[in-house]
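In each ligand, atom 1 is the first atom listed, and ligand 1 is the first ligand listed. FYI, side chains are in, hydrogens and waters are out, and symmetry mates aren't considered; it's all heavy atoms of this structure. When a residue number appears, it is its place in the shown sequence, counting from 1.
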Amino acid sequence: MPKYIAAIDQGTSSTRFMLFDHDGQIIAVDQKEHQQHYPQSGWVEHDPMEIWIRTQEVIFNTLQKSGIHPSDIAALGITNQRETTVIWDKTTGQPLHPAIVWQDTRTDAICHDLARESGQDRLREKTGLPLATYFSGPKIKWMVENNPRIRDAIKNGLALAGTIDSWLIWNLTGGKNGGLHITDGSNASRTLLMDLQKRQWDKELLDLLKIPESILPEIRPSSQVYGEARGILEGVPIASILGDQQAALFGQTCYKPGEAKNTYGTGCFMLMNTGQQPIASRNGLLSTFGYQLENQPAVYCLEGSIAISGALVQWLRDNLGIIQKSSEIEPLARSVEDNGGCYIVPAFSGLFAPYWRSDARGVIVGLTRFVNRGHIARAALEATAYQTREVLDAMRSDSGIDLQNLKVDGGMVVNDLLMQFQADILDVPVIRPRVSETTSLGAAYAAGLAVGFWKSLDELRSKWTPDRTWSPSMPTDRRDQLFRGWKKAITRSFDWTTDHNDG
Ligand SMILES: Nc1ncnc2c1ncn2[C@@H]1O[C@H](COP(=O)(O)OP(=O)(O)O)[C@@H](O)[C@H]1O
Ligand SMILES: O=P(O)(O)OC[C@H](O)CO
């Protein structure tokens, strides 16, 4: 009997491969970053081939380090950065364009035109999404309109399109020699092309964006044996697909309506399980697909998506050189007592939830000669916590549910200062589970369920154990004062690209 479940987590900044045992403990892992390309202001691209190569490298290294053989692996789950879009040629296996990343804002004009043509409400009704540059459909439209090779490939029946899950699975299952072209609802629901209730590509939306259904993957449940891997994981059943935020929800065992998690990675994403019906948001959240087990009804979520959180730490490191490593931000932020009146609004890709303002751009406000590197570091961390507070407030209003605590995960939750500040600014305890790699764990759980490695959601739930809790300790006056400052700062980021037309 194979003893392990594997997961590929293809994130915005890096790719991980992990092996889990039956207790849900990590047995082996490898991780590699890939290059971020910023060819123009507001554009963000990845090289799909680099992503596929990094994926194979982390698989190879993990197997090598652990001495585990593919035949020891009962199933493989795939989880991925969502919305990032690839179009490739099915005969050559080559991408026809760099992947357009979820943070990329080049489709702003397309989104405005679509809004004029169809109205925001119609799209939101069908898809649960606001019309924003974040989503995949407009990215596909942009590539079709701007790349003649893609138009030719479509005309000749050679083009395939998809999110990163589809790209990886197609390659893992043989690529140009018969690779599977599939996705699941958690990814398809982020395209602006899927009817959220029916969980099918929608003809009206496809016509509106002029995208032929033939280039899109088949939408399958999130947990099911789709086929076997070829090559480096020869013979391992591929048995789950989940967008990374839905995977984290699954790994945090938020299986009941009202249960929520917040993941702090490149961006920050809070998802609350809303049960078997989508809830329309009145407060700038997304109504989105959560997961669907085989032969089970789909589960929906409310989501607050924040585009930039850990990415701001990377920006301090890579663009300003204030720190050399992400981990250095905490001691630097601790070198001062508070933010010194300084706020950073990291609206690098406009603002996502709850504002959805594509005209916003990043600002640093409250600068005086008193403000130093420490204050900037502190303001950068605080920005994530304030944005999360805005999302939690919206979630309370939409769902009527007051969260008793917030389950957290992702690369930033090692930051003690941020987690304490988060608890303080929310006035809600923040809990980190023992296995904080919940994204990979969620994909592994969904794959393990499909092959009978784990038997039930209750069995998975019993494995969730807390590691650390941060309890709120900030006086109310102080919390309110800080948050008022943030609310003022955020208005300073608005109306930037409209007036200056500078991307
Ligand atoms: N100690 C730290 N404090 C704050 N942020 C951190 C720390 N360590 C890593 N990060 C940030 O966490 C992010 C990586 O988290 P991860 O969950 O791996 O992201 P993703 O899944 O988006 O690739 C990076 O943006 C990095 O800057
Ligand atoms: O790669 P992450 O963890 O920042 O997640 C990206 C999201 O899926 C974008 O929607």
Side-chain angles (χ1 to χ4, degrees), residues 7-16 18 29 31-34 36 44 46 51 54 58 79-85 99-104 129 132-136 139 163-165 186-187 189-191 242-249 251 261-271 286 288-289 301 303-319 322-334 346 348-349 352-353 377-378 380-385 408-422 436-443:
I8 295 170
D9 173 6
Q10 203 305 297
T12 311
S13 320
S14 69
T15 307
R16 298 170 174 84
M18 284 191 199
V29 57
Q31 174 174 11
K32 269 186 193 282
E33 293 205 357
H34 56 271
Q36 309 291 317
V44 188
H46 291 160
I51 285 183
R54 297 288 160 266
V58 293
T79 179
N80 56 290
Q81 53 169 326
R82 305 163 304 166
E83 300 95 13
T84 298
T85 307
I100 302 186
V101 176
W102 57 277
Q103 297 158 322
D104 188 293
L129 309 174
T133 57
Y134 181 22
F135 304 111
S136 311
K139 297 184 197 296
T163 35
I164 295 287
D165 53 317
S186 67
N187 283 290
S189 70
R190 322 291 296 194
T191 56
L242 276 168
D244 54 9
Q245 304 308 323
Q246 285 87 343
L249 181 92
K261 67 86 205 181
N262 200 26
T263 301
Y264 299 77
T266 308
C268 189
F269 302 87
M270 192 188 299
L271 271 73
L286 309 183
T288 197
F289 182 97
C301 287
E303 171 176 325
S305 329
I306 295 166
I308 303 288
S309 53
L312 181 56
V313 177
Q314 288 171 319
W315 184 77
L316 294 189
R317 182 192 66 187
D318 302 338
N319 295 42
I322 286 184
I323 48 173
Q324 303 307 310
K325 289 191 299 206
S326 296
S327 57
E328 288 171 11
I329 194 159
E330 184 165 354
L332 184 56
R334 280 192 193 283
F348 296 170
S349 306
F352 285 13
R378 203 162 183 119
L381 293 176
E382 290 185 358
T384 289
V408 299
D409 52 65
M412 292 182 94
V413 301
V414 295
N415 193 309
D416 189 43
L417 183 135
L418 170 61
M419 291 297 106
Q420 182 56 52
F421 189 76
Q422 185 68 89
S436 67
E437 292 286 355
T438 47
T439 300
S440 297
L441 184 64

**OP:** Apply side chain to side chain donor-acceptor pair (under 3.5 Å) to Thr439 and Thr79, showing your working.
**Re:** CA-CA 7 Å; Thr439 300; Thr79 179; 5.8 Å; no

**OP:** Evaluate the criterion side chain to side chain donor-acceptor pair (under 3.5 Å) for residue pair Thr15 and Gln10; output intermediate values, then yes/no.
**Re:** CA-CA 4 Å; Thr15 307; Gln10 203 305 297; 2.9 Å; yes

**OP:** Quick one: do Asp409 and Ser436 satisfy side chain to side chain donor-acceptor pair (under 3.5 Å)? Show the steps, please.
**Re:** CA-CA 5 Å; Asp409 52 65; Ser436 67; over 6 Å; no

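Thr85 contributes a side-chain N or O that, together with a main-chain N or O of Glu83, makes up a donor-acceptor pair within less than 3.5 Å. Of the possible polar contacts, none joining the Lys261 side chain to the Leu271 backbone as a donor-acceptor pair under 3.5 Å is found.
For ligand 2, the protein residues within 4.0 angstrom (heavy atoms only) are Gly11, Thr12, Gln81, Arg82, Glu83, Trp102, Tyr134, Asp244, Gln245, Thr266, Gly267, Phe269. The protein residues lying under 4.0 angstrom from ligand 1, judged by non-hydrogen atoms, are Thr12, Ser13, Ser14, Arg16, Gly265, Thr266, Gly310, Ala311, Val313, Gln314, Ser326, Ser327, Ile329, Gly410, Gly411, Met412, Val414, Asn415.
With Glu330 as reference, Leu417 is the one residue of Ile323, Val414, Leu417 to meet the side chain to side chain contact (heavy atoms under 4.5 Å, CB included) rule. For the pairing with Ile308, the side chain to side chain contact (heavy atoms under 4.5 Å, CB included) check across Phe352, Trp315, Phe348 returns one residue only, Phe348.
Arg190 and Tyr134 make their closest contact through NH2-OH, 3.1 Å (heavy atoms, listed as atom of the first residue, atom of the second, distance).
Ring geometry for Trp102 against Phe269 counts as perpendicular: the plane angle is over 60°, on a 0 to 90° scale with 30° as the lower cut.
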